[in-house]
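Only one structure is covered here, and it is reproduced in the block below.
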Amino acid sequence: MNANLYSKFLFKSKDAKPLITLNDGSIFSYGEIHQRVAQYCNYFDNIGLQVGDRIVQQTEKCLDALCVYLASLRFGTIYIPLNPAFQHKELTYFINDAEPALFICSTEKEATVAQVIAEQGAPIILDTLTINGNGSIQKKVKDFSIDFGIRERRNDDIACILYTSGTTGEPKGAMLSHKNLFANGSNLKKCWGFTEDDTLLHMLPIFHCHGLFFACHCVLLSGANMIFLPKFDTNEAIKYLPNSTVLMGVPTYYTRLLANDCFTSDATQRMRLFISGSAPLLEKTFYEFENRTGQRILERYGMTETGINTSNALNGDRIPGSVGTPLPKSKLKIVDNNDNDIQDDSPGHILIKGDNVFCGYWKKEVKTQKSFTDDTYFRTGDIGKRTKNNYIFIVGRAKDMVITGGLNVYPKEIENLINKIDGVKESAIIGLPHADYGEAVTAIVVPKNNVPLQDSNILFPIQEVLANYKVPKKIIFISELPRNAMGKIQKNILRNNYATLFSISVN
Ligand code: AMP
């Protein structure tokens with residue numbers, strides 16, 4: 001049987017059914033997209049692309065950008081999306097590493113990409129693709145046939161390479177096979193109850209697994225449709241929610257909606273599901289959202305290398321602060337530093353196994369080997385704990401754990417307490433170099449509405465409940481935490497900014 005992920009999408013059976021609505025009101029059916037995707041495949045064939053060649057795309061989000069992804073699946077090439085923010089130095093790295101046969105970029109990036117290609121002397125075809133349809137590839141594909149088959153692919157053939165966020169060290173290309181993507185997509189469709197009656201409000205970027213895989217695959221595997229918008233915007237969300245049934249978002253989408261008084265339960269009447277992931281959802285956001293709309297946000301946990309690993313229940317408990325239970329067919333273990341299972345309610349390293357787990361890092365065999373245990377579980381790098389009824393709580397990234405005076409401090413425990421203090425919007429706990437303790441627990445706190453707070457506002461309530469070594473040695477108030485495109489707090493930037501805070505005194 002053809003394992004090509006594209007062959008599992010419902011293009012044939014849903015032919016006339018709407019698949020995509022754009023913000024100019026235009027609607028494209030499954031059949032129309034299938035034909036446009038065929039034109040891209042025929043173009044790839046015409047320029048001599050071969051199965052397994054890499055196509056890198058660094059463009060703005062638009063319908064044709066999605067068609068390129070779908071065409072790459074159907075044609076059997078390997079698709080590599082890049083964040084439009086990457087500049088010359090980063091592009092040099094990706095072009096060297098991925099060795100693409102075709103690079104598709106926005107017109108704004110054309111000169112930079114052409115320069116990088118020339119500097120590398122690489123035989124790469126360069127095309128442009130734009131939101132308004134004027135890109136070189138968009139003009140060319142119009143002349144190609146709307147018929148193309150679906151190439152045979154095996155389970156382990158690579159469909160995509162996604163570079164991991166790379167907040168530290170050089171980015172690694174996670175290789176995802178057709179089997180990996182189908183395993184996770186079909187699991188999610190079932191767990192989240194997607195049907196052909198759903199309309200997903202799609203506002204996520206599509207250079208990341210959240211918007212490209214989790215969101216699009218649920219729609220395409222269930223015959224649903226999506227309102228496909230260029231990016232998240234609060235007013236646009238409020239405008240389109242009444243016509244939607246599901247929203248997938250990062251926590252900042254929910255905090256921004258709540259900050260807007262026009263966001264009321266009127267907008268969410270037709271909505272059956274709000275999903276949050278890619279970064280921790282604060283408990284107070286969960287409750288505030290429930291108070292405002294009557295709906296409990298469903299939080300899930302996943303990553304580029306594995307897809308989604310755990311989810312709160314569609315029809316059962318949604319526990320604020322927890323990322324839910326492991327998905328069926330995905331095995332999750334929590335272990336100590338020696339890979340031994342640890343008891344419930346104790347924090348440890350999260351390991352994952354299943355068809356959803358990626359095939360390794362592109363051209364990085366040693367790193368790949370180190371990322372798996374002897375019994376082939378993937379080391380997520382996340383620390384979490386499991387309750388007796390199998391709910392998982394993420395405590396933080398292993399590399400964000402603070403070791404002070406030889407004792408482990410899990411940031412989430414302290415952040416949860418600080419976030420509940422009146423006048424606090426949010427917080428981040430980091431460890432900073434300290435001559436005496438090794439690392440000193442430091443709290444970075446964002447006051448609500450920029451109303452100033454005193455150290456004592458933070459320290460008094462937490463000193464009462466925390467062991468002394470966990471109490472922050474210093475508190476820094478700032479107006480905003482640095483975040484990446486997926487809303488993740490960039491603790492590495494905070495650690496760099498305040499690296500010398502304790503270098504003068506050892507008190
Ligand atoms: P990425 O590969 O960019 O999707 O990043 C994956 C990482 O995001 C995971 O390893 C977690 O550290 C974090 N993450 C994803 N979902 C959640 C969540 N619901 N709560 C806390 N952290 C999350």
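Both ligands and their constituent atoms are indexed starting at 1 by order of listing. Everything numeric in this text was worked out from a predicted model, so none of it was measured.
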Compute the shortest N/O to N/O distance between T380 and ligand 1 and return yes if it is under 3.5 Å, no if not.
-> no
The one among I275, T310, T304 that brings a heavy atom closest to atom 1 (P) of ligand 1 | T304
Any H208 heavy atom less than 4.0 Å from ligand 1 | yes
Among A485, P280, A398, G396, closest by any non-hydrogen atom to atom 21 (C) of ligand 1 | P280
Which residues satisfy the side chain to side chain contact (heavy atoms under 4.5 Å, CB included) test with A65, sequence neighbours excluded?
-> Q57, T59, C62, L129, I206
Which one holds for H210 and ligand 1: side chain close, backbone close, both close, or neither close, with close meaning a heavy atom under 4.0 Å?
-> neither
Give a yes/no on ligand 1: does T164 have at least one heavy atom closer than 4.0 angstrom to it?
-> no
Which atoms of ligand 1 sit under 4.0 Å from any heavy atom of E299?
-> 18 (C), 19 (N), 20 (N)
Nearest heavy atoms of D97 and K363, plus distance in Å | O-NZ, 2.7 Å
Does R54 use its side chain to pair, donor to acceptor, with the backbone of E99 at less than 3.5 Å?
-> yes
Cation-pi geometry met for K367 and Y361 (6.0 Å, 45°) | no
Do any N or O atoms from the side chain of K488 and from the backbone of S278 form a donor-acceptor pair under 3.5 angstrom?
-> yes
What atoms of ligand 1 come closer than 4.0 angstrom to any heavy atom of V323?
-> 18 (C), 19 (N), 20 (N)
Heavy-atom nearest neighbour of atom 23 (C) of ligand 1 within options G321, G487, A174, A279 | A279
Residue list, side chain to side chain contact (heavy atoms under 4.5 Å, CB included) with K412, at least two apart or on another chain | P280, V395, E415, N416
Within the 6.0 Å centroid threshold, strictly below: F263 and F289 = yes
Just going by heavy-atom distances, which of M303, R300, K488, M486 is nearest to atom 5 (O) of ligand 1?
-> K488
Below 3.5 angstrom, do we get any N/O pair linking S278 and ligand 1?
-> yes
Could an N or O of ligand 1 be found under 3.5 Å from any N or O of Y301, whether backbone or side chain?
-> no
Could you state the interatomic distance from CG (D53) to OG (S72), rounded to the nearest 0.5 Å?
-> 9.5 Å
